[in-house]
Each structure stands twice: as structure tokens, then as C-alpha cells.
Participant: 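I am attaching a structure below and will ask some questions about it afterwards.
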Amino acid sequence: MLDINYIRQNPEEVAKMLHDRQLQGDEPRLRRLLSIDTERRELVQKTDELKAVRNRRSKEIAELKKSGSDSAGQLIADMQSVGEEIAGLDSRLSALNLEMEEILLALPNRLDPSVPIGRTAEDNLVFGEPVHFPHPLEFEVKNHLELGKALGILDFERGAKVTGAGFPVYVGKGARLERALINFMLDRHTEEHGYTEVFPPFMVNRDSLRGTGQWPKFADQVYHMEEDELYAIPTAEVPVTNLHRDEMLSAAALPISYAAYSACFRREAGSYGKDTRGFLRVHQFNKVEMVKFTRPEESYAALETIRGHAEAILCALEIPYRVLLLCSGDISANAAKCYDIEVWSPAERKYLEASSCSNFEDYQARRANIRFKADGKSKPEFVHTLNGSGLATSRLMVSIIEHYQTPEGGIRVPEALVPYTGFKDISPLG
RNA sequence: GGAGGAUUAGCCUAAUUGGUAAGGCAGCAGUCUUGAAAACUGCCGGGUUCACGCCCAUGGGGGUUCGAGUCCCUCAUCCUCCGCCA
């Protein structure tokens with residue numbers, strides 16, 4: 001959520017941001033917001049004056065009653081009408097506040113100046129050089145679906161029977177490989193990158209969804225348990241960032257860094273037809289997420305750090321990847337700046353998104369009311385929040401299966417994972 | 001699921017039959033000091049104002065009232081006991 005004071009003082013900047021994000025259609029709502037704000041402020045002034053009168057008179061009534069005088073009757077009658085007037089203005093005010101909040105919650109974040117201006121994913125900037133690792137695949141490569149099925153480590157059909165399409169089952173060494181990946185990444189982040197491990201709830205309430213920005217705008221992408229008014233988390237970002245909702249953090253504690261494994265649930269409503277085969281788009285997948293809370297002036301350095309931590313995982317696994325700096329038209333509404341890390345799929349012959357590292361600045365902190373005090377004399381400030389996937393196992397699994405396949409149709413286990421799997425390869429014979 | 005109790009600022013705690021939230025700790029700045037501690041003074045939730053000030057804020061939402069921390073309704077969370085389950 002943006003600061004209404006910032007919007008009031010820089011309306012043309014906000015309009016340009018909407019334009020850069022290809023959201024020109026939101027501009028009428030921005031104008032509506034500004035007019036609500038003006039009316040609201042006038043109304044506040046008026047009711048404040050009336051309330052000041054009421055407070056003063058009420059004190060007089062108290063004094064009169066205390067002194068045993070009966071002369072308070074006229075005053076009380078007068079205040080009755082003042083009270084009615086206040087109630088009328090207040091109800092108008094709360095309607096305006098409600099509408100203002102609705103618009104504010106739906107308005108996207110500002111963009112960092114370093115974000116390239118562009119219309120679609122085509123305009124994303126390749127950041128730095130793609131990173132290669134030599135994998136001798138001098139034979140006809142199979143895709144992860146064929147290999148996974150032939151090796152008996154992935155079972156999409158039974159997953160579809162038990163739950164539905166997009167809920168894969170990992171079997172045998174496949175399950176072990178998945179668990180190894182999760183443990184490997186958590187260990188790296190906690191032991192080498194300085195994160196505190198968190199194992200969060202996989203369901204959250206609405207306040208948490210609103211805090212990180214999945215509600216109200218993206219509510220249709222989230223599984224909803226109506227009877228209990230709970231939502232299945234689309235990412236650990238939601239429960240972990242909301243750990244500190246409505247808290248005043250001690251300045252000395254910043255930055256706070258959490259790494260969390262969670263299953264992630266996404267309805268992916270309306271997204272069938274594109275990259276939907278196998279693991280490329282599923283309703284449930286596993287992910288290790290990094291979340292940071294920083295002082296405002298430190299957030300952009302922290303973004304680079306998080307990206308480095310995600311890249312370190314890929315380097316350790318020797319999986320080829322590249323980094324994209326998302327353009328204004330493709331970046332998510334909540335983020336001020338975002339890198340995507342994409343891994344190379346030799347079977348699909350294209351890059352697949354495996355990680356997204358974002359700086360939300362104070363956009364989430366303002367929604368979730370996460371503040372800190374720099375020192376004793378300064379006012380509470382909103383922290384900056386960041387997160388990055390570190391990383392999504394489903395996409396990594398595709399990479400590992402495809403890059404580490406052997407001409408015989410088996411899979412070697414990446415060196416770094418062997419201590420976690422307890423085996424070095426998955427052979428066609430099982 | 002049932003009964004009872006609780007929720008006040010970063011933390012801890014007060015407030016008479018309903019009369020408009022008092023203190024303490026921590027933190028910051030200043031005075032004093034060679035320096036520090038102690039002591040003293042000021043600041044220390046949000047909005048508005050050049051400022052004085054004014055308004056809002058006692059877990060969330062609503063109600064009664066001239067006036068609500070206090071009374072009523074409702075929801076959330078925590079604690080205790082009972083029941084149920086693993």
C-alpha cells in the first residue's frame with residue numbers, strides 16, 4: 001500500500017507508474033482517490049471542531065452535576081443535537097474511509113528507477129551473463145515427464161486420481177530426491193547464508209493475505225477454505241512476512257532473515273494452455289523461501305544479497321541459469337523491483353522461472369503494520385520487506401532430471417545432493 | 001464443544017456509583033561531570049496545524065449515553081477448568 005501523503009503530493013508520479021505498469025485503466029480510480037482524500041480531510045476538520053465542542057460541554061455538565069446543580073438539562077439537550085450531527089458526519093466519513101482503503105489496497109507499488117520500462121515479458125532485461133555448466137548431453141535428451149515416468153519417481157496420474165490435475169506424487173527415490181533438495185537448500189541458507197529457519201503454518205487468515213498483498217487483488221489465485229475462513233498459502237512469503245504483523249521491531253534486531261520450507265498452493269485459475277505439462281505448472285509444489293526485514297536504506301543491498309543466495313544454490317547444483325530484471329509491464333503489483341532467475345531446460349529448449357527475488361520496500365510493511373524505531377527520538381518507521389525463492393523444487397527437479405540424465409535413461413544425483421539422498425544415481429532398473 | 005477469567009502505548013502496570021487514561025521501565029536528547037554512573041529537565045501511538053492547540057486511540061466491530069477503559073451485543077486471541085480426540 002502506498003502512503004496517501006505520497007500520493008497526494010506526487011499524483012503525476014503515481015499516474016506515470018500506472019502507465020509504466022500498463023495499468024492505464026486504473027487512472028480514474030487514482031483521480032477518485034484524490035477527490036475522496038480532499039473531501040475526507042474537510043470532513044475530518046468539521047467533525048473535529050464539533051467533537052471539541054462536545055468534549056468541552058460534557059466537562060461542564062460533569063462539573064454542574066458534581067456541584068449538585070440541576071441546570072445541566074438545557075446543555076444536555078443541546079449536546080443531543082450536536083451528537084446527532086457528529087454521527088451523521090462520522091458515518092459519511094467512515095464510508096469515505098472504506099472506499100479510500102479499498103482503492104489504496106488495490107493500487108500497485110511504486111517502481112524503483114532501475115526497473116526497465118517495458119510492456120511485456122519480452123521486454124525484461126537479461127541481467128549479467130547467463131551462467132553455464134558443462135553437461136555432456138550428446139544424445140537425444142528426454143524431458144522430465146518421460147524420464148520421471150520411466151524411472152517410476154513421478155506419478156502424475158495417481159496424483160490426479162487422489163486429488164486432481166496438477167497435484168504430482170513423488171515416489172521412491174523421487175520422493176527422497178525432493179526431500180534432499182529441500183534439506184540441502186535449508187542447510188545452505190541457515191548454515192552459510194545466515195537465515196533463521198522457520199516452519200510456518202500452511203494456512204493463513206485474511207489479514208495475513210492482505211498484509212503481503214495477495215488480497216484483495218489476487219484472491220482468485222488462492223485456495224479458500226470457506227467454512228473456517230482460511231486460505232492455503234501460495235508461498236511461505238505470506239506466513240513468514242506476517243510473523244511480524246502489527247509489531248514494533250527493535251532496530252538492533254534488523255535485518256531479520258528467515259528461510260522457510262513450505263508446500264505452496266496455487267489455483268492457477270485461467271492459466272491452462274501455456275507451459276502446463278508436467279511440472280511446468282502445478283497446483284501444489286514445494287519451495288524454500290527467503291524473507292528479509294531491513295531498514296529502508298539497506299533494502300536494495302539486501303535484494304542483491306538474496307539474489308546471490310538463490311544463485312549460490314544453482315551454482316552448487318551446477319544448473320545453468322540466467323537472471324532477468326523484470327520490466328515495468330511484467331513486474332508484480334506488490335514489488336518495486338524484482339529479479340527472476342530462470343533455469344535452462346534442455347528438453348523444452350528454453351528457460352523456466354525457478355526463483356523470484358523482490359524488494360517490496362514499505363508496501364507490505366504499511367499493509368501489515370510492521371515498524372521499527374531507528375532510535376529513541378525518532379518516530380516509528382515502516383521496515384522494508386524482501387523475499388526470494390531459494391528455490392522452487394519443482395522447477396529444480398525438472399532441471400536436475402533433464403541435465404543429469406544419462407544416455408541409458410537414468411539420472412545421476414548432483415554431487416552436492418549425494419549426502420542428502422544417500423544414493424548417487426537413479427537407474428532405469430530402479 | 002461447555003464454564004469462568006483476561007487483553008490499556010516498545011514492555012510493565014493504575015483509573016471511585018460512567019465524568020474524558022495516571023504512573024513506572026526501556027530508549028533518545030540536554031544539564032551536571034575529565035569521562036561514565038546517579039540525579040534533574042525535555043521527548044518518547046496516530047491525524048491535523050507555521051505554531052499554540054484541537055481531534056482520535058484502552059484487542060477488532062457495533063450499541064446505550066450529554067459523556068464509555070468502565071454498561072450491553074458480537075468477533076478474535078490468550079489463560080484456567082470440564083468434555084472430546086490423537
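Predicted model, so just to flag it, every value in this text is computed and none were measured. Proteins get letters first, then strands, A, B, ... in listed order; numbering begins at 1 in each.
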Participant: Roughly how many Å is it from CG in A/Asp207 to P in B/G59, rounded to a whole number?
Facilitator: 17 Å
Participant: Of the residues in residues 81-91 of chain A, which ones touch RNA chain B at a heavy-atom distance under 4.0 Å?
Facilitator: none
Participant: With a 4.0 Å cutoff (strictly under), does any side-chain N or O of A/Gln80 reach OP1 or OP2 of B/C66?
Facilitator: yes
Participant: I'd like the P distance from B/G30 over to B/A37, given in whole Å.
Facilitator: 12 Å
Participant: Please name all residues satisfying side chain to side chain contact (heavy atoms under 4.5 Å, CB included) with A/Ser114, sequence neighbours left out, ordered by chain then number.
Facilitator: A/Asp112, A/Lys337
Participant: Is the distance between the ring centroids of A/Tyr300 and A/His384 under 6.0 Å?
Facilitator: no
Participant: Step by step, would you call A/Arg92 with A/Glu39 a salt bridge (Lys or Arg N to Asp or Glu O under 4.0 Å)?
Facilitator: CA-CA 10 Å; A/Arg92 170 72 186 145; A/Glu39 186 181 352; 2.7 Å; yes
Participant: Within the structure provided, determine whether A/Ile256 and A/Leu254 are in side-chain contact (heavy-atom separation under 4.5 Å).
Facilitator: yes
Participant: Could you give the CZ-to-P distance, from A/Phe372 to B/C44, as a whole number of Å?
Facilitator: 19 Å
Participant: Tell me the salt bridge (charged side-chain N to carboxylate O under 4.0 Å, His left out) pairs involving residues 79-91 of chain A, sequence neighbours left out?
Facilitator: A/Lys51-A/Asp90
Participant: So is A/Arg307 actually on top of A/Tyr339's ring, under 6.0 Å and inside 45° of the axis?
Facilitator: yes
Participant: Quote, to the nearest angstrom, the C1' distance that separates B/G24 from B/A9.
Facilitator: 13 Å
Participant: If the P atom of B/U13 is compared with that of B/U7, how far apart are they to the nearest Å?
Facilitator: 10 Å
Participant: Please measure how far the C1' atom in B/U16 lies from the corresponding atom in B/A21, and state the result in whole Å.
Facilitator: 15 Å
Participant: Only one of A/Ile306, A/Leu303, A/Thr385 forms a side chain to side chain contact (heavy atoms under 4.5 Å, CB included) with A/Asn359, so which one is it?
Facilitator: A/Leu303
Participant: If you measure from the P atom in B/A15 to the same atom in B/C85, how many Å do you get, rounded?
Facilitator: 44 Å
Participant: Which residues pass the side chain to side chain contact (heavy atoms under 4.5 Å, CB included) test with A/Glu157, sequence neighbours left out?
Facilitator: A/Lys149, A/Asp155
Participant: Quick check on RNA chain B: between A/Asp48 and A/Pro380, whose nearest nucleotide comes earlier from the 5' end?
Facilitator: A/Pro380
Participant: Where each residue is assigned the nucleotide of RNA chain B containing its nearest heavy atom, which of A/Glu49 and A/Arg40 is assigned the position nearer the 5′ end?
Facilitator: A/Arg40
Participant: Using a strict 4.0 Å threshold on nitrogen-to-oxygen distance, state whether A/Arg395 and A/Glu353 make a salt bridge.
Facilitator: no
Participant: State which residues pass side chain to side chain contact (heavy atoms under 4.5 Å, CB included) with A/Glu226; sequence neighbours excluded, sorted by chain then number.
Facilitator: A/His224
Participant: Quick test: give all pairs of protein nitrogen or oxygen and nucleotides 13-20 of chain B nitrogen or oxygen below 3.5 Å, distance rounded to 0.1 Å.
Facilitator:
from, atom 1, to, atom 2, distance (Å)
B/G19, N2, A/Ser58, O, 3.1
B/U20, O4, A/Ser58, OG, 3.2

Participant: What residues form a ring pair (Phe, Tyr, Trp, His ring centres under 6.0 Å) with A/His19, not counting sequence neighbours?
Facilitator: none
Participant: Can you tell me how far P of B/G46 sits from CZ of A/Arg41, to the nearest Å?
Facilitator: 18 Å
Participant: Using the side chain to side chain donor-acceptor pair (under 3.5 Å) criterion, which residues pair with A/Asp425? Sequence neighbours excluded.
Facilitator: none
Participant: Rounding to an integer number of angstrom, what distance separates B/C55 and B/U20 when you compare their C1' atoms?
Facilitator: 13 Å
Participant: Rounding to the closest angstrom, what is the interatomic distance between B/U8 and B/A14 at atom C1'?
Facilitator: 10 Å
Participant: Taking only residues two or more places apart in sequence, or in another chain, which ones meet A/Gln45 in a side chain to side chain contact (heavy atoms under 4.5 Å, CB included)?
Facilitator: none
Participant: Whole-Å distance between B/G10 C1' and A/Ile370 CD1?
Facilitator: 16 Å
Participant: Would you list the pairs meeting side chain to side chain donor-acceptor pair (under 3.5 Å) in which at least one residue belongs to residues 99-109 of chain A, sequence neighbours left out?
Facilitator: A/Arg32-A/Glu99
Participant: Specify the separation, in whole Å, of atom CZ of A/Arg371 and atom C1' of B/G46.
Facilitator: 8 Å
Participant: Could you state the CG-P distance from A/Asn205 to B/C75, rounded to the nearest angstrom?
Facilitator: 17 Å
Participant: Calculate the interatomic distance between A/Asn369 atom CG and B/G59 atom P; express it in whole Å.
Facilitator: 16 Å
Participant: What residues from residues 239-251 of chain A pass a heavy-atom cutoff of under 4.0 Å to RNA chain B?
Facilitator: A/Met248
Participant: Would you kindly give the CZ-to-P distance between A/Phe382 and B/G10, to the nearest whole Å?
Facilitator: 13 Å
Participant: Which of parallel (below 30°), tilted (30 to 60°) and perpendicular (above 60°) describes A/Tyr258 and A/Phe293?
Facilitator: perpendicular
Participant: Could you run through RNA chain B and flag its stems, i.e. three or more consecutive Watson-Crick or G-U pairs with both distances under 3.5 Å?
Facilitator: B:1-7 with B:76-82, B:10-12 with B:23-25, B:27-31 with B:39-43, B:45-48 with B:53-56, B:59-63 with B:71-75
Participant: For atom P, what is the distance between B/U77 and B/G60, given to the nearest Å?
Facilitator: 15 Å
